[in-house]
J.: 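Attaching a single structure in structure tokens format; questions to follow.
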Amino acid sequence: MITNKILFMEEKTKYNPSEFESRMLALWEKEKVYSTNPQSSISNNKAYCLSMFPYPSGAGLHVGHVRIYTGTDVMARYFKMSGKDVLHPMGWDAFGLPAENAAIKAKKNPIDMVPGNIANFKKQMNMLGLSYDWNKEFSTTDPSYYKWTQWLFIQFFKTGLLYKKNTPIHFCPKCKTGLAEEEVLANGTHERCGTVIEKKILPQWIFRITAYAEQLLSDLKLLDWPKGILEMQRNWIGKKEGVIIKHTVKDLNIPIETFSAYPAWLFADTFIVIAPEHPLIKELVKGTKHEKDTNEFIEESRKISSQDRTADKFEKKGVFTGRYAQDPFNPGREMPIWLANFALMDFGTGIIRCSAHDVRDFEFAIKYKIQLEEVVKRTDPKLPINAHDNTGILVHSGPFTGKAINEVLIQDMKNWIVEQKIGRKETTYHLRDWIFSRQRYWGEPIPMVHCDSCEKKGNNSNILIIHGTWGSGEGNWFPWLRTYMNAAGVDTASPTLPDADHAKYDVRNQFLNNNFGEYLKSSSIIIGHSSGAGTALHLASQHKIDQLVLVAPVLKINEEYKKSLAKSFDQKTADALYDLYNDHPIDWELIKKNVRKITVVYGENDQYMPKDMRVFAEKVFEKENVHMLKGKAHFSSSSNDAKEQFELLQFIENKMVGGWTMIEENNLPLKLPYTSSYEPTDTGESPLSTIEGFKETICPVCGGAATRETDTMPNWAGSCWYFIRFAQSVIPAEAGIQAKTMREEWMAKMAHVPPVDWYLGGAEHAVLHLLYARFWVKALKDASLIDYPEPFLRLRNVGMVLAEDHRKMSKSWGNTINPDDVVAQYGADTLRMYEMFMAPFNMEIAWSTAALQGGHRFLKRVWALYMSRESIVDSRESDPELVNKLNKTIQKVGEDISQTKFNTAIAALMEFLNAYEANPKLSTEEAKKFIQIIAPFAPFMTEKIWRDIFHEKTSIHLSHWPVQTKVSVKNTVVKLPIQIQGKFRGVLILPTDALDEKQVEVAVLKDEVLSKYVSGKQYKLIYVKGKICNFVIQ
RNA sequence: GUCGGGGUGGCGAAAUUGGUAGACGCGCUACCUUGAGGAGGUAGUUCCCGUAAGGGAUUGGAGGUUCAAGUCCUCUCCCCGACACCA
């Protein structure tokens, strides 16, 4: 009998995770413990915790994945127990080169390979006890997901943010695809495969991320991100403020411009160099004796790869063009123009003014014996003073001679340059536009069609802007919009109307029809601003056009409004406008027939518009086409609205640019065709071009034969907005309201979900995914598709997990650790505990199987303690000191988790366990609390104890984070550290009511050890009451 | 070269505001226990001198501020990461 009982106890006492972990998983699934509250994503008490989602490789989870996912899981569990509405989803970033290359190797279609990999990842994630709500799961390769990625592509196309153009790109000869700037490493190799990149000119979809350079830079201040990542983004955007200097080439009268970020040194420049790729060179040397040398030099430079350029031994070389330019800073000085291989075509203007003060220029001048001048005294004539130091007293510097170089002086010089008309101020960025085409199979097909006949017929969209009263075609945001649209390949015009202040209907109408009658066609967009709307409306009644966009429009003028117009302008102007609207009435019905889409935009702070104008707009047009923009006024310089009106872009719908148009919305998704031959081609075209029946299609505009785009999107596309899809609310759409259009569906499900609160992942995405996603969010915000400026409010980086030998884990080294093996041997809780404990979350760590035992031991000790019933459940009395310590531990663990300081949280748990074991006196209620605060780290074991020992019916993971019990611990004594001469000499134990300086002094003098340092000596006391006391011997 | 992050025992690391440096864990040492296991317990463990009591040194190095510095300031060395002929 006795033996049996002992056996039973042993069985019960032994910590055997494999015996219960899988049962806990089943229990959680049955009880739907991790299902998300549908309100979570829109609750103002939400905590959106997200790990960077993985690309599901065939290799399965790495222990590095485990570290990120456990960290996020611990936070999600803690926030949930703290009463927050937690969103903690997981999905798959399965498009892209790695998956495709693996599939090619395995001779399978990636479509067939991905599901197996996902299943394996998912199995492993479940095994680890990660609290994902799998109802939120999706893969970027699901047509139901990439349908939206394609739809977003179309939205960006329509507004000119994405356009197709022949452009020199980085091309990976191994992967046979074009790449983005961010995918090329400093040594000129592809970040995925290490192959040296080539330059090629190919037609590419270009995403205008540079339009957002300034916002991407300035909004960094909104983010709680690691300093290093912020700095890397800042550097990558690379804003530089400087000046452009204008020159004229002697004898040729060709203007050339140079950029300088250091204006203080401009008076020293004596020669000019041009990048060998510069197109101007041919003109400079044409027909001269320098032509041959120059061509040879250009040819030679072309052969040097970017890899060689960055090498240490890169030799500065150049060749003289035989030409000179006048130096605007030193009248009479002629600057020889050279080609130089250190000049970069893609920085500044590709042309540089050079001086004795720049290291490279100096070296070059010495080599080719070019004359130098200096504007600050050099101590050693053989060495340059680096211009980037910006220090010294100027000489030979015109009006600035004798002045010290500082910020103020530099500003003065810039202003002087502008005043003298020598040049202008200029801001440049390192950021380049994002090449968005990949000549590969495994990506989202680009939902675009090219129609040759449309292109020839001139069916491209163009834009005519009509300005308002007392305005001009060069006012407000018109030049900005024109530059922006022209860059995307859209023709624009913004004529200044004759006598616009007082012009009546006839004058306006005649002028526009004479000059722009032929410009307007069925694919045209007319934009009318303010009272220009009247003219625009009349035009639209005379021409069939695609779109009419009315910005802050005047739509009618009654007597009262006429009076106010006369007051703010003059009577003649008011009369002219009255004529435009009333003497020549607007035919609303005809306009509606002539125009495919009419859009009206007002700013909510527009003080020039009578209140009923918008009401009227909603009456004559469809209500859904009348928009009110928050924080905007009259969209004019007079109301101080910014000139760059990105928000207006959303209302402009270019239908066709360069013969390209989008496929119709109800044909989305454009599915990736299934094929057996998807290897990259050698033609620079995507493999989709070889698939029969894919490329040929019908033009949505003219109905004739057309061809599809066959390139695909880069693997970063899907991850630019996946967090929005995860957070998608299910409320209106799935409650029975059927959205008519994709925009309606988006607005209902995705427009109102908030950004990610906690984003955890590796630092390797600093300028790739993290920059791209920020860019999309800004573009989406300007398109009114979401309403926040940044996707990831807090970012925390995870440190890499190295192998035990401190090298990277790699199959070829044979030093990998498989999480499956660790879980099989020690249980998932041990693996989680160890990875959270061994180092601060963001630090690199080397795996240590020995240290893993530490976490295991902790769990075993907790287990053993709670399994010995008499010490836990049967004890009624709590020791106040221990409860006090427990309170502090509850507090610390919570605080540490919310600061991603998991290692110290666990240290605190261990510290408490030490105290608890030494003196196991806690009531049942208090004993439960300790288990609860371990729960985020070790979800399996704590659930088991919660149910078996405490007989709880609902999951510990749904329980509330414990509150601290008030205990009165009478601290009757205080340990007071004593220093003598600043050196620690011992601790005095003093009653709490005897802590006055005098009492401390007496106690020290009485103390056998301490007294010998001070007795009989002159000393001064520095006493921080109750904290420390220092005796300073005089 | 520029920018960012670091440097604390044999190892991974702690340290609110400047206030007992080394919490917690690993490892190690001695002893105990056992079902002989990758087990458990107790005590010890920054280094040097000392049987001990005790003393001295100590947060990469040098200086400084302070009653008091891992923490603040100046200079300097080393490691890691990112960017780089950027005018």
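Basis for what follows: all heavy atoms, side chains included, without hydrogens, waters or symmetry-related copies. Per chain, numbering begins at 1; letters A, B, ... match sequence-line order.
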J.: Quick one about A:Q899 and A:E895 (side-chain donor to acceptor, distance below 3.5 Å, no hydrogens or angles considered), yes or no?
T.: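 No - no donor-acceptor pair under 3.5 Å links their side chains.
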J.: Separation of A:K227 atom NZ from B:G6 atom C1', in whole Å?
T.: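 After rounding, the gap between these two atoms is 13 Å.
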J.: Are A:R234 and B:C83 close enough that a side-chain N or O sits under 4.0 Å from OP1 or OP2?
T.: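 It does not, given that no N or O in the side chain of A:R234 lies less than 4.0 Å from OP1 or OP2 of B:C83.
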J.: Could you work out the separation of B:G12 and B:A62 based on their C1' atoms and round it to a whole Å?
T.: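 It works out to 30 Å between them.
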J.: How is A:T428 classified with respect to the nucleic acid when contacts are heavy atoms under 4.0 Å: base, sugar-phosphate, or nothing?
T.: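 No contact.
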J.: A:R861 CZ to B:C26 C1': how many Å, rounded?
T.: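 About 13 Å, once rounded to whole Å.
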J.: For B:G55 versus B:G63, give the span between their C1' atoms, rounded off to a whole number of Å.
T.: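 Rounded to whole Å, the distance is 28 Å.
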J.: Could you verify whether a donor N or O on one side chain and an acceptor N or O on the other, from A:D805 and A:N815, lie under 3.5 Å apart?
T.: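 Short answer, yes.
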J.: Return the orientation label for the A:H769 and A:H765 ring planes: parallel under 30°, perpendicular over 60°, tilted otherwise.
T.: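 Geometry flag for A:H765 against A:H769: perpendicular rings.
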J.: Classify the nucleic acid contact of A:K1020 as base, sugar-phosphate or nothing, counting any heavy atom under 4.0 Å across all strands shown.
T.: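 Result for A:K1020 = nothing.
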J.: For nucleotides B:G70 and B:U17, find the distance between their C1' atoms and express it as a whole number of Å.
T.: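 Rounded to whole Å, the distance is 15 Å.
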J.: To the nearest angstrom, how far is A:K983 atom NZ from B:U66 atom P?
T.: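 So the two atoms are 19 Å apart, to the nearest Å.
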J.: Would you tell me if any nitrogen or oxygen in the side chain of A:R985 comes within less than 4.0 Å of OP1 or OP2 on B:G54?
T.: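 No, outside the criterion.
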J.: Donor-acceptor pair, distance only, cut-off 3.5 Å: does the side chain of A:E804 make one with the backbone of A:T849?
T.: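 Side chain of A:E804 to backbone of A:T849: a pair is present.
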J.: When all nucleic acid strands are considered with a 4.0 Å heavy-atom cut-off, which category describes A:Q853: base, sugar-phosphate, or nothing?
T.: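 Answer is base: heavy atoms of A:Q853 come under 4.0 Å of a base.
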J.: Evaluate A:Y826 against A:Q853 for side chain to side chain donor-acceptor pair (under 3.5 Å), listing each step before the verdict.
T.: CA-CA 9 Å; A:Y826 298 95; A:Q853 312 277 353; 3.1 Å; yes
J.: Could you state the atom-to-atom distance from CG of A:N842 to P of B:C80 in whole Å?
T.: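 Checked: the CG to P distance equals 18 Å.
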J.: Need one value for A:Y429: base, sugar-phosphate or nothing, where a base atom within 4.0 Å counts as base even if backbone is also close, heavy atoms only.
T.: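 Touches nothing.
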J.: Mind checking the P distance from B:U66 to B:G61? Whole angstroms is fine.
T.: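 Roughly 23 Å separates the two P atoms.
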J.: Categorize A:G799 for me: base, sugar-phosphate, or nothing, with a 4.0 angstrom heavy-atom threshold over every strand shown.
T.: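 Here A:G799 touches no strand at all.
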J.: So what does A:R857 hit on the nucleic acid, given a heavy-atom distance under 4.0 Å: a base, only sugar-phosphate, or nothing?
T.: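 Here A:R857 touches the backbone only, sparing every base.
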J.: Separation of A:L768 atom CG from B:C83 atom C1', in whole Å?
T.: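 Rounded to the whole Å, the gap is 14 Å.
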J.: Hey, what's the ring geometry for A:F364 with A:F342, parallel, tilted or perpendicular (30° and 60° as the breaks)?
T.: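 Correct class here is perpendicular.
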J.: P atom, B:A23 versus B:C77: distance in rounded Å?
T.: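 Nearest-Å result for B:A23 against B:C77 at atom P: 34 Å.
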J.: Applying a 3.5 Å limit to both distances, which nucleotide forms a Watson-Crick or G-U wobble pair with B:G81?
T.: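 Matched B:G81 with B:C3 under the 3.5 Å cut-off.
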J.: Identify whether any heavy atom of A:N914 sits under 4.0 Å from a base atom; if not, whether one sits that close to sugar-phosphate; answer base, sugar-phosphate or nothing.
T.: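 Sugar-phosphate contact only.
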J.: For B:A13 versus B:G6, give the span between their C1' atoms, rounded off to a whole number of Å.
T.: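 To the nearest whole Å, 14 Å.
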J.: Using a heavy-atom cut-off of under 4.0 Å over every strand shown, decide if A:F362 touches base, sugar-phosphate, or nothing.
T.: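 Nothing, no nucleic acid heavy atom in range.
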J.: Say whether A:N1030 and A:R985, considering side chains only, have a donor N or O and an acceptor N or O under 3.5 Å apart.
T.: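 No pair is found: no donor N or O on one side chain lies under 3.5 Å from an acceptor on the other.
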J.: Here's a test of your reading of the structure: between A:K860 and A:A850, which maps to the more 5' nucleotide of RNA chain B?
T.: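 Closer to the 5' end of RNA chain B: A:A850.
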J.: Side chain of A:T270, backbone of A:Q371: donor and acceptor closer than 3.5 Å?
T.: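 Side chain of A:T270 to backbone of A:Q371, a donor-acceptor pair under 3.5 Å: yes, one is there.
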J.: Tell me the partner of B:U74, counting only Watson-Crick (N1-N3 plus N6-O4 or O6-N4) or G-U wobble (N1-O2 and O6-N3) with both under 3.5 Å; none if nothing fits.
T.: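 Looking at the geometry, B:U74 pairs with B:A62.
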J.: Measure the acute angle between the ring planes of A:Y772 and A:W434, then classify it against the limits of 30° and 60° as parallel, tilted or perpendicular.
T.: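 Ring orientation of A:Y772 relative to A:W434: parallel.
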J.: I'd like to know if the side chain of A:D829 and the backbone of A:M941 have a donor-acceptor N/O pair within less than 3.5 Å.
T.: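 Checked: pair present.
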J.: Taking CD1 from A:I229 and P from B:C80, how many angstroms apart are they, rounded to a whole number?
T.: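 Whole-Å distance recorded here is 19 Å.
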J.: With rounding to whole Å, what would you report as the distance between B:G5 and B:G10 at their C1' atoms?
T.: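 Those two atoms are separated by 26 Å.
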J.: Return the pairing partner of B:A68 with a 3.5 Å limit on both distances, Watson-Crick or G-U wobble; otherwise return none.
T.: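 Partner of B:A68: none found under 3.5 Å.
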J.: Contact class for A:Y262 vs. all strands (heavy atom < 4.0 Å): base, sugar-phosphate, or nothing?
T.: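 Contact class for A:Y262: sugar-phosphate only.
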J.: If you measure from the P atom in B:C26 to the same atom in B:A43, how many Å do you get, rounded?
T.: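 Nearest-Å result for B:C26 against B:A43 at atom P: 15 Å.
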J.: Go nucleotide by nucleotide along RNA chain B from the 5' end; which of A:F1031 and A:D361 gets its closest nucleotide reached first?
T.: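 In this pair, the answer is A:F1031.
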J.: Starting at atom NE2 of A:H388, determine the distance to atom C1' of B:C86, rounded to an integer number of angstrom.
T.: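 The distance from NE2 of A:H388 to C1' of B:C86 comes to 8 Å, rounded to the nearest Å.
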J.: Starting at CG of A:L913 and ending at P of B:G41, how long is that distance when rounded to a whole Å?
T.: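 Distance, rounded to whole Å: 10 Å.
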J.: How does each nucleotide of nucleotides 12-21 of chain B score, in 5' to 3' order, for protein heavy atoms under 4.0 Å: base (B), sugar-phosphate only (S), or none (-)?
T.: BSSS-B-BBS
J.: Hey, is the side chain of A:Y1013 poking within less than 4.0 Å of OP1 or OP2 on B:G54, counting only N and O atoms?
T.: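 No, because none of the side-chain N or O atoms of A:Y1013 sits under 4.0 Å from OP1 or OP2 of B:G54.
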J.: Given 3.5 Å as the limit, does a donor-acceptor pair link the side chain of A:D433 with the main chain of A:I209, or not?
T.: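 Checking the backbone N and O of A:I209 against the side chain of A:D433, a donor-acceptor pair under 3.5 Å is found.
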J.: By the rule that syn is within 90° of 0, classify the base conformation of B:G4 as syn or anti.
T.: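 In terms of base orientation relative to the sugar, B:G4 is anti.
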J.: Parallel, tilted or perpendicular: which describes the rings of A:Y262 and A:H388, with under 30° parallel and over 60° perpendicular?
T.: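 Rings of A:Y262 and A:H388: parallel, as their planes differ by under 30°.
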J.: What string of B, S and - do you get for nucleotides 70-75 of chain B, 5' to 3', if B is base contact, S is sugar-phosphate-only contact and - is no contact with any protein heavy atom under 4.0 Å?
T.: ------
J.: Going by purine N1 to pyrimidine N3 plus the second Watson-Crick contact, or the G-U wobble pair, all under 3.5 Å, which nucleotide sits opposite B:U45?
T.: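 Pairing partner: B:G27.
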J.: Any side-chain to backbone donor/acceptor pair from A:E835 onto A:R67? Under 3.5 Å, distance only.
T.: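 Checked: pair present.
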